[in-house]
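Chain letters run A, B, ... following the sequence lines, proteins first and then strands; every chain starts at 1.
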Amino acid sequence: MTEPGKKPTHFIQEIIDADRAAGRYGGRVHTRFPPEPNGYLHIGHAKAIWIDFSTAEANGGLCNLRFDDTNPTTEEEEFVEAIKEDVRWLGFDWGDRLYYASDYFEQLYQYAEELIKRGKAYVCDLSPEELRAYRGTLTEPGRESPYRNRSVEENLDLFRRMRAGEFPDGSRTLRAKIDMASPNLNMRDPVIYRIQRARHHRTGDTWCIYPMYDFAHPLSDAIEGITHSLCTLEFEDHRPLYNWFLEALEIPDPPQQIEFARLELTHTITSKRKLRQLVEGGYVRGWDDPRMPTLRGMRRRGYPPEAIIDFCSRVGVSKTNAVISLGFLEHVVREHLNRTAQRVMAVLNPLKVVITNFPEDRVEWVEVENNPEDPEAGTRQVPFTREIYIERDDFMEDPPKKFFRLAPGREVRLKGACYITCQEVVKDPATGEVIELRCTWDPESLGGSTPDGRRVKGTLHWVSARHAVPAEVRLYEPLFLTEDPEEGGDFLANLNPNSLQVLTGCLVEPGLAGAAVGSRYQFLRHGYFAVDPDSTEDLLVFNRIVPLRDSWQKIQGRERT
RNA sequence: UGGGGAGUGGUGUAACGGGAACACGCUGGACUCUGGAUCCAGUAAUGAAGGUUCGAAUCCUUCCUCCCCAGCCA
């Protein structure tokens with residue numbers, strides 16, 4: 001766990017340190033998280049959110065939440081609320097600094113007029129197709145628009161009439177007058193305003209022209225007094241343009257854009273389009289499916305937000321395109337849950353055990369610790385009776401060498417309760433399936449050890465048959481079989497057919513009855529689980545957050561191959 | 001074949017001219033009322049070639065590889 005409040009050491013912090021040493025921005029640090037409200041946030045956004053908010057905080061500064069809502073055709077109010085919810089869930093607070101680029105539409109418009117007046121922008125009548133043709137290619141320069149040298153008066157008049165709605169959608173644009181021969185395509189007279197009669201989720205039909213990102217972003221930053229505008233690597237090519245607008249308008253103390261690498265995870269996609277394909281194609285149950293890399297999916301799965309943040313901070317900040325292994329995320333989640341999750345016994349695949357020398361009506365309440373990692377967590381009482389269930393995998397009639405669990409004639413410990421010895425195996429005469437074990441217990445072992453100090457190799461979890469609470473348990477595996485879902489060219493072909501396994505007829509200890517949705521537990525020897533909102537009064541539903549490391553499974557897997 | 005970035009163990013991050021470190025993974029062992037956790041040990045890296053220097057991951061040159069850019073998306 002990284003210590004909170006400790007100053008980070010990444011390259012962005014170094015830039016900030018240098019700025020402060022030089023007295024830039026009067027020593028201020030002000031960042032912003034600028035999502036476009038056109039979809040749900042995912043794990044990649046978590047890194048951006050963490051960087052934006054935590055670097056501000058670490059430097060005594062502030063971070064704004066600003067919706068970058070300059071494209072009304074794709075944006076919706078629904079996403080605004082969802083994004084706010086997700087950022088809050090991660091534990092960040094934007095205070096009263098909730099902004100929208102659309103709040104600045106009038107101001108941005110005035111900036112655009114100013115650009116025209118300075119001879120740095122012009123209205124262009126080229127069609128989208130012509131514009132593309134005029135732009136040139138990666139290796140050939142573009143050509144200047146025939147409308148490039150209109151007078152300031154004509155441009156102003158035309159632009160005002162664009163705003164007034166005198167021209168059809170797409171018929172004209174406002175372009176920055178920069179350099180059609182620039183090797184950086186972004187500088188080849190980029191469009192800064194387009195005509196678009198679309199209802200905006202906040203401004204309604206007030207506007208029929210909307211600013212482009214490249215124009216709106218640096219100026220929105222300037223308006224909010226942002227000092228360090230942090231974004232991902234693909235905007236590196238846009239930085240000259242970002243700076244160009246600020247210079248062209250002579251913005252004092254201009255903000256600076258700094259780019260860092262996105263967070264990518266193995267076995268995971270974050271492309272909005274592909275995520276939508278998974279949802280719409282029914283490959284997952286929705287945007288909050290616990291297998292999804294969306295923050296809502298991870299929340300439902302049971303990932304603690306603190307663990308996600310810790311993960312981000314431990315992955316680090318750099319400019320190297322990196323793919324972090326899903327295993328590392330799981331490690332951090334386990335580490336967090338190991339310290340915080342209450343232990344509980346749950347039998348996922350029950351096998352009945354009758355303890356023949358245990359009185360029929362006796363209920364022995366045994367004491368079990370809630371979390372051996374945290375003495376403060378205390379203990380609880382669990383009922384032990386003559387008929388119990390153990391995990392079917394914890395018994396083998398003909399056990400291999402390193403199998404330390406129950407087998408005919410073998411003695412094991414039942415966690416917190418006692419030692420039992422398997423005396424008889426009852427099978428279904430028709431199928432040969434083991435349906436019941438008849439065991440005896442050693443009353444001396446009550447509590448989990450014996451006066452003679454003899455040792456048993458295995459400790460099993462169990463539930464009392466008549467006290468157990470039924471549950472459904474959903475086990476998850478990565479959505480994709482391959483580290484890189486794009487391997488082979490078709491991500492759908494790499495989908496893991498076993499990404500969801502639903503276990504019914506599971507039995508959990510009685511204390512779990514009525515457990516709150518979202519609460520997290522460690523099912524002893526299985527993993528960490530969270531209560532799913534699908535739970536009802538009659539049936540608890542659990543999601544497996546992450547399994548426990550399992551060295552037995554590893555040994556088995558090794559011997560099988 | 002233009003422009004912008006990036007190359008350190010299997011993975012991610014450090015080292016900022018001076019003994020390549022940390023974390024995850026992996027291997028082995030200790031311990032254990034979770035085959036968990038913990039502990040201990042081991043494994044393994046500076047893209048290449050030149051050059052500067054007493055000394056280079058770090059500075060210079062050339063080369064190689066990978067990523068991004070031709071929306072009136074962000």
Is the closest side-chain donor-acceptor distance between A/Asp484 and A/Thr482 under 3.5 Å? no
Choose from B/G71, B/A74, B/C73 the nucleotide whose nearest atom is closest to any side-chain atom of A/Thr70. B/A74
Checking A/Glu369 now: which residues fulfil salt bridge (Lys or Arg N to Asp or Glu O under 4.0 Å) with it, not counting sequence neighbours? A/Lys415
Between B/A20 and B/A44, how far apart are the C1' atoms? Round to whole Å, please. 13 Å
Protein-nucleotide distance (A/Tyr122, atom OH; B/C72, atom P), rounded to Å: 12 Å
Backbone N or O of A/Ala346 within a donor-acceptor pair of the A/His461 side chain at under 3.5 Å? yes
If I pick the P atom on B/G17 and the same atom on B/G12, what distance separates them, to the nearest angstrom? 26 Å
Tell me the interatomic distance from A/Glu486, atom CD, to B/C66, atom P, rounded to whole angstroms. 18 Å
Answer yes or no: is there an ion pair linking A/Arg454 with A/Glu411, defined by an N-O contact shorter than 4.0 Å? yes
Using the C1' atom as the point on both nucleotides, what is the distance between B/G50 and B/C64, in whole Å? 14 Å
Taking syn as within 90° of 0 and anti otherwise, name the glycosidic form of B/G71. syn
When all nucleic acid strands are considered with a 4.0 Å heavy-atom cut-off, which category describes A/Thr173: base, sugar-phosphate, or nothing? base
Distance test, side-chain N/O of A/Lys272 to OP1/OP2 of B/C73, below 4.0 Å: no
Can you name the salt bridge (Lys or Arg N to Asp or Glu O under 4.0 Å) partners of A/Arg262, sequence neighbours left out? A/Glu234
Which of the following nucleotides, B/U13, B/A74, B/G2, is nearest to the side chain of A/Thr139? B/G2
Rounded C1' spacing from B/U52 to B/C26 in Å: 40 Å
How far does the C1' atom of B/U53 sit from the matching atom of B/G18, given to the nearest Å? 12 Å
Mind checking what makes ring pair (Phe, Tyr, Trp, His ring centres under 6.0 Å) contact with A/His238, not counting sequence neighbours? A/Phe235
Picking from B/A74, B/A14, B/C72, which would you name as closest to the side chain of A/Pro128? B/C72
Nearest-Å distance once atom P is located in both B/G47 and B/C31: 43 Å
Any side-chain N or O of A/Arg66 under 4.0 Å from OP1/OP2 of B/A74? no
Over how many whole Å does the gap from A/Asn243 atom CG to B/G4 atom P extend? 15 Å
Taken to the nearest whole Å, CZ/A/Arg188 to P/B/C72 is 13 Å
Looking across every strand, which nucleic acid part, if any, lies under 4.0 Å from A/Leu126 by heavy atom: base, sugar-phosphate, or nothing? base
Rounded to whole Å, CD of A/Glu483 lies from P of B/G25 at a distance of 14 Å
Pick the closest RNA chain B nucleotide for A/Val315 and for A/Leu414 by heavy atoms, then say which residue is nearer the 5' end. A/Val315
B/C26, B/C73, B/G5: which one has an atom nearest the side-chain heavy atoms of A/Lys319? B/G5
May I ask you to say what A/Val456 touches in the nucleic acid, namely base, sugar-phosphate or nothing, with a heavy-atom cut-off under 4.0 Å? nothing
For A/Asp68, check side-chain contact (heavy atoms from CB on, under 4.5 Å) against everything at least two apart and list the hits. A/Pro34, A/Thr70, A/Ala101, A/Tyr213, A/His217
I'd like the P distance from B/G28 over to B/G36, given in whole Å. 13 Å
Within the structure shown, what part of the strands sits under 4.0 Å from A/Arg455 by heavy-atom distance: base, sugar-phosphate, or nothing? sugar-phosphate
A/Glu14 side chain: which of B/U32, B/G25, B/A15 is closest? B/A15
By side-chain contact (heavy atoms from CB on, under 4.5 Å), A/Ser318 pairs with (sequence neighbours left out) A/Thr320
Quick one: list whatever passes side-chain contact (heavy atoms from CB on, under 4.5 Å) with A/Thr270, sequence neighbours left out. A/His42, A/Ile43, A/Glu264
Between protein and nucleic acid, restricted to nucleotides 34-43 of chain B and to nitrogen or oxygen atoms under 3.5 Å apart, what atom pairs and distances do you find?
residue: B/U34; atom: O2; partner: A/Gln522; partner atom: OE1; Å: 3.1
residue: B/U34; atom: O2; partner: A/Arg525; partner atom: N; Å: 2.9
residue: B/U34; atom: N3; partner: A/Gln522; partner atom: OE1; Å: 2.5
residue: B/U34; atom: O4; partner: A/Arg343; partner atom: NE; Å: 2.4
residue: B/U34; atom: O4; partner: A/Arg343; partner atom: NH2; Å: 2.9
residue: B/G35; atom: OP1; partner: A/Arg525; partner atom: NE; Å: 3.4
residue: B/G35; atom: OP1; partner: A/Arg525; partner atom: NH1; Å: 2.8
residue: B/G35; atom: O3'; partner: A/Ser551; partner atom: OG; Å: 3.0
residue: B/G35; atom: O2'; partner: A/Ser551; partner atom: OG; Å: 3.4
residue: B/G35; atom: N7; partner: A/Arg405; partner atom: NE; Å: 3.0
residue: B/G35; atom: N7; partner: A/Arg405; partner atom: NH2; Å: 3.0
residue: B/G35; atom: O6; partner: A/Phe404; partner atom: N; Å: 2.8
residue: B/G35; atom: O6; partner: A/Arg405; partner atom: NE; Å: 3.4
residue: B/G35; atom: N1; partner: A/Lys402; partner atom: O; Å: 2.6
residue: B/G35; atom: N2; partner: A/Lys402; partner atom: O; Å: 3.2
residue: B/G36; atom: OP1; partner: A/Ser551; partner atom: OG; Å: 3.1
residue: B/G36; atom: N2; partner: A/Arg343; partner atom: NH2; Å: 3.4
residue: B/G36; atom: N2; partner: A/Glu373; partner atom: OE2; Å: 2.8
residue: B/A37; atom: O2'; partner: A/Asn338; partner atom: ND2; Å: 3.1
residue: B/A37; atom: O2'; partner: A/Glu373; partner atom: OE1; Å: 3.1
residue: B/A37; atom: O2'; partner: A/Glu373; partner atom: OE2; Å: 3.1

Salt bridge (Lys or Arg N to Asp or Glu O under 4.0 Å) involving A/Asp69 - partner list, sequence neighbours excluded: none
For A/Lys84, enumerate each residue passing the salt bridge (Lys or Arg N to Asp or Glu O under 4.0 Å) test, keeping only those at least two apart in sequence or located in another chain. A/Glu81
For RNA chain B, please output the secondary structure as dot-bracket, reading 5' to 3'. Pairs are Watson-Crick or G-U wobble, both atom distances under 3.5 Å; mark crossing pairs with [ ], other-strand partners with |, unpaired with a dot. .((((((..((((....[..))))((((((.......))))))...(((((..]....))))))))))).....
Within the 4.5 Å heavy-atom criterion, are A/Tyr99 and A/Arg32 side-chain neighbours or not? no
Assuming nearest nucleotide by heavy-atom distance, tell me which of A/Gly416 and A/Pro211 is located more 5' along RNA chain B. A/Gly416
Starting at atom CG of A/Asn38, determine the distance to atom P of B/G71, rounded to an integer number of angstrom. 19 Å
Pairs under 3.5 Å (N/O, protein and nucleotides 67-69 of chain B):
residue: B/C67; atom: O2'; partner: A/Asn321; partner atom: ND2; Å: 3.3

Contacts satisfying salt bridge (Lys or Arg N to Asp or Glu O under 4.0 Å) that involve residues 127-147 of chain A (not counting sequence neighbours) are A/Glu144-A/Arg148
Euclidean distance, atom CZ of residue A/Arg239 to atom C1' of B/A74 [Å, nearest integer]: 18 Å
I'd like to know if A/Arg405 pairs up with A/Asp393 as an ion pair, taking the criterion as any Lys NZ or Arg NE/NH1/NH2 lying under 4.0 Å from an Asp or Glu carboxylate oxygen. no
Would you mind reading off the distance between A/Met187 atom CE and B/A70 atom P, rounded to a whole angstrom? 16 Å
When you compare B/U13 with B/G55, how far apart are their C1' atoms, in angstrom units rounded to a whole number? 26 Å
